[in-house]
Amino acid sequence: AGAGAGGGALREALLPDESTALLPGGLGRAGAAGAGARAGAPRKGGGGKQLTRARASLAMANTTLGAGIMALPYVFKNLGIVLGIATLIFGMWVTGSSMGDLVWSANFMNLPSYPDLVTEVMGRRHRTMFNLAMLVNNLGVLAVYLRIMGDVLAGDEGMEGAIPRFSGGHGGFLVGRAFVQGAVAIAILAPLCLLRRIEALARFSDLFLALVLTFCGISLVLGGVYMLKVWRGVLRMPVPPRMFPTSDEFEPDALSGAVRLITMFPILLNSFVCHYNILPIQQAMKPEVRPSVMTAIWQAFLSCTVLYSFVATALYVTYGRSTRDDVLLNFNDRAVSQEVLGDLGADLVQNVVPCAYAASLVLTFPFINYTLRELAKELLPGRERTTKHVAVTLGLLVAVYTVSVLVKDVKVILSVSGSTATVLIGFVYPPLLRLRLEVDYLTTLQKARLRGLLVMAFVMATVTVGGVASGAA
């Protein structure tokens, strides 16, 4: 019995279970104890079709999969395959455990909104800080999206984009990255982002997931056929893939090498963090399955981790040391895909997949921009007017465009936003909320895990921002 109790305590410390914050009727302990009318208020039932646990898990996978997957082969190039997979598993665990703390706190306070939860427990100043973090996070995501569109359409150093390829290299600055990204922002993204209501675009939300999975499938075929041809002796692998970082990563000095490796972790975490979506998903679940929301989260994260591991390994093995921080740039290298899949496969990899993926980002862009715009409006003074709506929307697009053009590498955007805003949203506030609400009832192991998340967040932010500022990262 003692061993069973010890095992249960260890499991609760490492894998937090939000159901301990629920009492019969769905009221958290705060509501049952009368901790304010707002905290104990009954939840409003949402309209529309309610989700089963399987559908909730699929919705979580949909919100988790995103542009971050494009940088994972680059992470594996730096960390090696074994350490890369181990880091993915660790990233899955820390993200899932912090999400469990967030869900527990929301159930405890009976508040289904992350910003409202921060305001209620931490105060108005923290609400402003949280909104700023969301602003930076979404701004970074949109800058990466626009950068990827530019990579696909205009290309980059040493990699020809779709427009220069079809124009025969003519056009001058009209086929350059700055002009192409500006044209996409003005002609396509601006009209979509100016929409006050985006329900009309909701039907396209699943298209993003379908195209990401298509990209993953083609990547696995490309990597699988390449490894099969190498095994049969048809192709020769120039350099064997690394399993772990080598001494080359620690040049010109060990400190710079260590900083570069640590900056890979925020890039990786961007592929998991989606804390702002989990509470709405929980509210959309059927009441009888809401206590099992963490099961849905772990199922989604496990599926994404397996998919990430296979895709990152396949593409790193295929492109080797030439793997870029946006792997779609490697897809523009026709020589590799033609050698592996032939002419027809090369056409598919070089033209169809990147352009289709860029189109899916265009459809996803307005949804993220909507959240970004509403946060900016809340932070700025003044009443809601058409002029404010237009000015904020266009101002944010200009900011996104500027960042995407001026910042040379996708990994820099992902590293900085991932080590600051994403860390604050995913690994600072969830443990702080839990410590504030339940500090007297937590076990030593639980406190150690929560404080460990805070230390990890501080170290990651300090090292990454310092490394980028000094040029070491």
(request) Could you list the residues that satisfy side-chain hydrogen bond (donor to acceptor under 3.5 Å, both in side chains) with Gln299, not counting sequence neighbours? (result) none
(request) Taking atom NZ of Lys377 as the centre, report whether more than 12 heavy atoms of other residues, nucleotides or ligands fall under 6.0 Å from it. (result) yes
(message) Suppose we call two aromatic rings close when their centres sit under 6.0 Å apart. Are Tyr308 and Phe272 close by that rule?
(response) yes
(message) With a 4.0 Å cut-off on N to O distance, would you call Arg324 and Asp151 a salt bridge?
(response) no
(request) For Asn330, enumerate each residue passing the side-chain hydrogen bond (donor to acceptor under 3.5 Å, both in side chains) test, keeping only those at least two apart in sequence or located in another chain. (result) none
Using atom types as modelled, flag every donor-acceptor pair under 3.5 Å from a side chain in residues 137-144 to any protein atom, sequence neighbours excluded.
from, atom 1, to, atom 2, distance (Å)
Asn137, OD1, Thr422, OG1, 2.7
Asn137, ND2, Tyr276, OH, 3.3

(request) Consider only side-chain N and O atoms of Tyr429 and His275, and report whether a donor and an acceptor are under 3.5 Å apart. (result) no
(request) Establish, yes or no, whether a centroid distance under 6.0 Å links the rings of Phe90 and Phe265. (result) yes
(message) Counting C-beta onward and ignoring hydrogens, is there a side-chain heavy-atom pair between Pro73 and Tyr319 closer than 4.5 Å?
(response) no
(message) Checking Phe244 against Ile81 for the side chain to side chain contact (heavy atoms under 4.5 Å, CB included) test, could you report, in this order, the C-alpha distance in whole Å, the side-chain angles of both residues, the deciding distance, and whether it holds?
(response) CA-CA 7 Å; Phe244 296 93; Ile81 294 175; over 6 Å; no
(message) With a 3.5 Å distance limit and no angle check, can you tell me whether Lys77 reaches the backbone of Thr323 through a side-chain donor-acceptor pair?
(response) yes
(message) For a 4.5 angstrom cut-off between non-hydrogen side-chain atoms, does Phe130 reach Tyr114?
(response) yes
(message) For a 4.5 angstrom cut-off between non-hydrogen side-chain atoms, does Ile69 reach Phe215?
(response) yes
(request) Measure the shortest side-chain to side-chain distance between Thr119 and His126 over non-hydrogen atoms and say whether it is less than 4.5 angstrom. (result) no
